Amino acid sequence: MHADITLSDDPVRLDRARIHGWLASSYWSPGIARALVDRAIDGSHCLGAYRNGTQVGFARMITDHATFAWLSDVWVDEAARGAGLARRMVQWFLDHPDFQGIRRIGLTTLDAHGVYAPLGFRSPRKPDRYMERLDPAFDTLLNGEETSPHD
């Protein structure tokens, strides 16, 4: 399980250019502008995963530190996939003192339910209560797919 990979929330270590490349190639933020990625990083609690000083993973949590948090942009570099690193990064947030006692942690995913379900994430009991507002330009970019802009 990637014993050679270290996790750190030191913002100085984040390779923002690499993170931008990952997110710009994702299904949830295709072509996202670098400036927008920088704003998102600056407004979030971010985690990097590093192998020999090179960033191989990223995740971020957006929160009010009391009642709600949103897990977003979980990414593992292709060369580091398949050994549980995404789950390890999410567990890091769940174990972190800043996120203890938060009533609700949310996320959206198209294809990684198997990463999140073992950590206690599930579909909402009352999905008819969930709503979102997408920027019309972003919604058009995604060709009408029902996806959150910060999956």
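Here the structure is a predicted model, which means the values were calculated and not measured.
A donor-acceptor pair is defined here as one N or O able to donate and one able to accept, closer than 3.5 Å; no such pair exists between the side chain of S44 and the backbone of I41.
When all heavy atoms of V56 and A80 are compared, the closest pair comes out as CB-CB, 4.1 Å. S29 and L23 get closest at one heavy-atom pair: OG-O, 2.9 Å. Contact record, W22 with G57: CH2-N, 3.6 Å, taken as the closest heavy-atom pair. Smallest separation of non-hydrogen atoms from L7 and A49: CD2-CB, 3.6 Å. Nearest heavy atoms, A86 versus V74: CB-CG1, 4.0 Å. Considering every non-hydrogen atom in both I5 and R51, the closest pair reads CD1-NH2, 3.5 Å.
Summarising the local packing, CD of E78 is surrounded by 12 or fewer heavy atoms from other residues, nucleotides or ligands at distances under 6.0 Å.
Summarising the geometry, atom CG belonging to D42 is positioned 10.5 Å from atom CZ belonging to R60; distances are rounded to the nearest 0.5 Å. The CG atom of L107 sits 9.0 Å away from atom OG of S72, with the distance rounded to the nearest 0.5 Å. Within the model, atoms CD1 of I102 and OG1 of T63 stand 3.5 Å from one another, a figure rounded to the nearest 0.5 Å. Interatomic distance, NE2 of H96 versus CG of L47, reported as 9.0 Å (0.5 Å rounding). Going from atom NE2 of H113 over to atom CG of L110 covers 7.5 Å, rounded to the nearest 0.5 Å. Note that CG of D9 is 13.0 Å distant from CE of M89, once rounded to the nearest 0.5 Å.
Under the 6.0 Å distance and 45° angle rule, R87 does not count as a cation-pi partner of W92. Judged by the 6.0 Å and 45° rule, R13 forms a cation-pi pair with Y50.
Under the ring pair (Phe, Tyr, Trp, His ring centres under 6.0 Å) criterion, F93 pairs with H45, F99, sequence neighbours left out. Applying the salt bridge (Lys or Arg N to Asp or Glu O under 4.0 Å) criterion to R39, with sequence neighbours excluded, gives no partner residue. With sequence neighbours excluded, the residues that form a salt bridge (Lys or Arg N to Asp or Glu O under 4.0 Å) with D38 are R16, R34.
A perpendicular orientation is assigned to the rings of F121 and Y116, their planes being inclined by more than 60° (bins at 30° and 60°).
The side-chain heavy atoms of Y130 and S123, taken from C-beta on, include no pair separated by under 4.5 Å. In this structure, C46 and L14 have side chains that are in contact, with non-hydrogen atoms separated by less than 4.5 Å.
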*asked:* Between R104 and T67, is the side-chain contact (heavy atoms from CB on, under 4.5 Å) condition met? List the steps.
replied: CA-CA 6 Å; R104 177 173 286 121; T67 63; over 6 Å; no

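With 3.5 Å as the limit, one finds a donor-acceptor pair spanning the side chains of W28 and D73.
Between D77 and R18, at least one side-chain nitrogen of the basic residue sits less than 4.0 Å from a carboxylate oxygen of the acidic one, meeting the salt-bridge criterion.
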